[in-house]
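This report concerns only the one structure given below.
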2 protein chains.
Amino acid sequence: MSDRSQRPTLWDVARAAGVSAKTVSRVLNGEAGVAADTTARVQAAIAELGFERNEAARQLRTGRMARGRSLCLLVPELGDAGRAELAGSLASAVEAHGYRLLMTGSGSAGEREAELVQNLSEAGVAGFFVVSAAADHRYLIPHLRQGLAAAFLLHPAAQMQADSVLVDEVDAARQATQHLLRFSHRRIAFLGPRHDHLAGYQDALSGSGIPLDPDLVRTAVQEAPEAEAAAREWLAAPVPPTAIVVAGAWLALAAMRPLLGSGMGLVVLEDVPAADLLKMPLTTVSASLSDFGEKAAEVLVNRLEGRAGPPQRVVVRAHLVARGSGEVRPGLNRPGPEPRRSWYRRR
Amino acid sequence: MSDRSQRPTLWDVARAAGVSAKTVSRVLNGEAGVAADTTARVQAAIAELGFERNEAARQLRTGRMARGRSLCLLVPELGDAGRAELAGSLASAVEAHGYRLLMTGSGSAGEREAELVQNLSEAGVAGFFVVSAAADHRYLIPHLRQGLAAAFLLHPAAQMQADSVLVDEVDAARQATQHLLRFSHRRIAFLGPRHDHLAGYQDALSGSGIPLDPDLVRTAVQEAPEAEAAAREWLAAPVPPTAIVVAGAWLALAAMRPLLGSGMGLVVLEDVPAADLLKMPLTTVSASLSDFGEKAAEVLVNRLEGRAGPPQRVVVRAHLVARGSGEVRPGLNRPGPEPRRSWYRRR
DNA sequence: GTGAAAGCGCTAACAT
DNA sequence: ATGTTAGCGCTTTCAC
């Protein structure tokens, strides 16, 4: 009896079941070629002794990494509240598949991202949900060959092919802009970090025969102060816009401060918590995060459990929730001079 | 040459350096009793071959777990945006100490909490920041004996002694209540999940000679709908309160909905993002999360790096930020009948 | 269908 | 100050 060490070994099980170590090993790994009653006896012994296989020994012998049932959501900033809801929905979804969800932040640094994947993969993490706007994700390739799974969320993989679950950002921007156009806004500005939204914005504008005014577009805006400054500038412009489409809840809140009381329309391309309780209730265009989480979990788990095939690309549509910011004729809420009649078209 | 396997082994290093395997092992582990020049030769060989120790083999031999440089923040719900800022501040703080931060959620289930600690500890996580209102944390004790470190945040450890970093909740409740008293509120309600706030609330009331009215106290409120219901009931009461102290941002937002336009004062015991942009701008009492994160990181890293000693208990004070909800005489904003004069005392 | 022996890469105990 | 031997718990031959 190996009572010298605490945990029972495979040999203890073999002795208890009256078989050889190899047979226990076979049962443990579900290999074929063991009689049914032998299997039963071995399993009884395992349960009896509370045996658990020593992963280190297994790994030493087989060479390959034992991946566990942890998945990790890798985001740019752990402190970003906007990602919390995604994390929650992902957590429930992966738990339904028998996995658990970890989360970590790269500090928006590409090399740290690669390092984290390396470390956590070595620690047995089975797969990653990657939310990253990095310019190059090829660091993942060697890990993927070693059995790691990865799915890109919200931003597509750069410089490589991989599973991804995305929101139709172009369509979201189009919906937001069309919504404002429907309420007779004609000078509509755009503010956000990503360039891809612009296609939808521009598409909606040209659908109403409105040319794009470069002064009304600020792309590559990442930080709140920039958003606030942009809003302030637009407000002070000779011919200010009457509404702004902002990509990102955080930027929208920052932009809102100078706009309070201005009557400016504001539509946000992301969900905003308690959007109805804000001084300027925000109309939002966003995908259902519980759907999104479920789809993402499904994609990663499928990949992990061997249903191979070419990389998948799932695109989820966003939906507009009107909350009364922008659903007014331009200028109506506005203190100051009479709104110019020329801004109105329909209705 | 073991070119049959990909990675160089300790034997390859030994051969390259012209020493025995044991000597290489000694260098690797920083054991005493190796000549300086031998050490140098070995290290050169290690660098030359790009040798990295096989952790599985080491672990198999030594029996003990190799803990890495990952710390994990364990929260009840990964989807709780209120914890995101804490996570961000902790992440920066632990990175400054050379660790990385993971985060995971227990789904508010005590047994899952224990299971997560077990799994992640086995995967090499060095320490946990535990945010948990569970009734019993003794499941941690065996892990702590195996070298795991743990620090309790926001809620103290239950049924055991451990390092903890807490906010002075009693004082926070007292500050909130006193603030409202200072603005002549006399009927002040309390709403929240925790019982400990009550001491501060009651303390402040009795300091102004006001008896506690049990109808104005709802403790053990966990979910938003309950908070909303409580607010609604108070509003409809024969003699409604003129202000409410709410413990928790999420509960406060829920409670706010029925109170819009009522003139009810609202003070929140937690930070609320964009509190100034809400229809009822919220006065808050909360601790600085960057301070809190730094203190917490320090406590856990100290424990981890051997500076032993009895469990520490750090208490951080919360600060009130007045934002104009409650800083009015009761009833003044209130539509409807003239406020009763009897509610006023000073000023 | 089952078992015996060898060895994965490392370190503890005991030499020298 | 350095080397030798044995063996951690498992899986892989290969034999029966």
Side-chain angles (χ1 to χ4, degrees), chain A residues 1-46 49-68 122 124 146-147, chain B residues 1-46 49-68 122 124 146-147:
Chain A
M1 269 136 268
S2 69
D3 58 340
R4 39 177 238 75
S5 132
Q6 310 295 15
R7 278 169 54 163
T9 76
L10 180 147
W11 279 95
D12 298 322
V13 175
R15 206 168 304 113
V19 296
S20 79
K22 175 64 214 179
T23 298
V24 178
S25 175
R26 278 197 260 258
V27 172
L28 245 34
N29 298 316
E31 284 172 39
V34 185
D37 61 329
T38 314
T39 304
R41 236 167 343 116
V42 169
Q43 276 167 342
I46 288 174
L49 298 176
F51 168 79
E52 290 178 36
R53 166 165 60 198
N54 180 326
E55 278 302 334
R58 175 191 170 86
Q59 189 178 328
L60 175 57
R61 186 64 244 231
T62 61
R64 52 176 192 280
M65 248 275 48
R67 297 199 178 276
E122 278 170 7
Q146 286 188 36
Chain B
M1 269 137 270
S2 69
D3 60 342
R4 40 177 240 75
S5 133
Q6 310 295 15
R7 280 170 51 163
T9 76
L10 180 146
W11 278 95
D12 298 322
V13 176
R15 206 168 304 113
V19 296
S20 79
K22 178 65 212 182
T23 299
V24 178
S25 175
R26 278 197 260 258
V27 171
L28 245 33
N29 298 316
E31 284 173 39
V34 185
D37 60 330
T38 314
T39 305
R41 242 174 331 127
V42 169
Q43 277 167 343
I46 288 174
L49 298 175
F51 167 80
E52 290 178 37
R53 165 167 58 200
N54 180 326
E55 277 302 334
R58 175 191 169 84
Q59 188 177 328
L60 175 56
R61 185 63 245 230
T62 61
R64 53 177 193 280
M65 243 287 42
R67 299 200 179 276
E122 277 171 7
Q146 287 188 35

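First the proteins, then the strands, lettered A, B, ... as listed; each starts at 1.
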Would you give the length of the straight line joining atom [atom1] of [X] to atom [atom2] of [Y], rounded to the nearest 0.5 angstrom?
X       : Y       : atom1 : atom2 : result
A/Glu31 : A/Lys22 : CD    : NZ    : 4.5 Å
A/Leu60 : B/Glu55 : CG    : CD    : 12.0 Å
B/Thr9  : B/Glu52 : OG1   : CD    : 13.5 Å
B/Leu10 : B/Ile46 : CG    : CD1   : 8.0 Å

Of the candidate nucleotides [options], which contains the atom at the shortest distance from the side chain of [X]?
X       : options               : result
B/Asn54 : C/dC10, C/dT2, D/dT12 : C/dC10
B/Phe51 : C/dT2, C/dC10, D/dC10 : C/dC10
B/Ala57 : C/dT11, C/dC10, D/dG9 : C/dC10
A/Val19 : D/dA1, C/dC10, C/dG3  : C/dG3

Does [X] make a side-chain N or O approach to OP1 or OP2 of [N] shorter than 4.0 Å?
X       : N      : answer
B/Ser20 : D/dT4  : no
A/Arg53 : D/dT11 : yes
B/Thr38 : D/dA1  : no
A/Asn29 : D/dT11 : yes
A/Thr23 : C/dT2  : no

Looking at [Y], is its backbone amide N or carbonyl O close enough to the side chain of [X] to form a donor-acceptor pair, meaning the two atoms are under 3.5 Å apart?
X       : Y       : answer
B/Ser25 : B/Ala21 : no
A/Arg41 : A/Ala17 : yes
B/Arg26 : B/Gly33 : no

Could you check how far [atom1] of [X] sits from [atom2] of [N], rounded to whole Å?
X       : N      : atom1 : atom2 : value
A/Arg41 : C/dT2  : CZ    : C1'   : 11 Å
B/Leu28 : C/dA12 : CG    : C1'   : 15 Å
B/Lys22 : C/dA13 : NZ    : P     : 10 Å
B/Gln59 : C/dC10 : CD    : P     : 14 Å
A/Glu31 : D/dC10 : CD    : P     : 14 Å
B/Leu60 : D/dG7  : CG    : C1'   : 9 Å
B/Glu55 : C/dC8  : CD    : C1'   : 15 Å
A/Arg26 : D/dT13 : CZ    : P     : 13 Å

Note, B/Asn29 side chain near B/Arg58 side chain (heavy atom, < 4.5 Å): yes
Base C/dG9 paired with A/Arg61 side chain (donor-acceptor, <3.5 Å): no
Quiz item: A/Arg58 side-chain donor-acceptor pair to D/dG9 base, under 3.5 Å: no
Angle between terminal axes - the helix from C/dG1-D/dC16 to C/dT16-D/dA1, 5 pairs each end, rounded to 10°: 30°
Whichever of A/Asp37 and B/Thr62 has its nearest DNA chain C nucleotide further upstream toward 5': A/Asp37
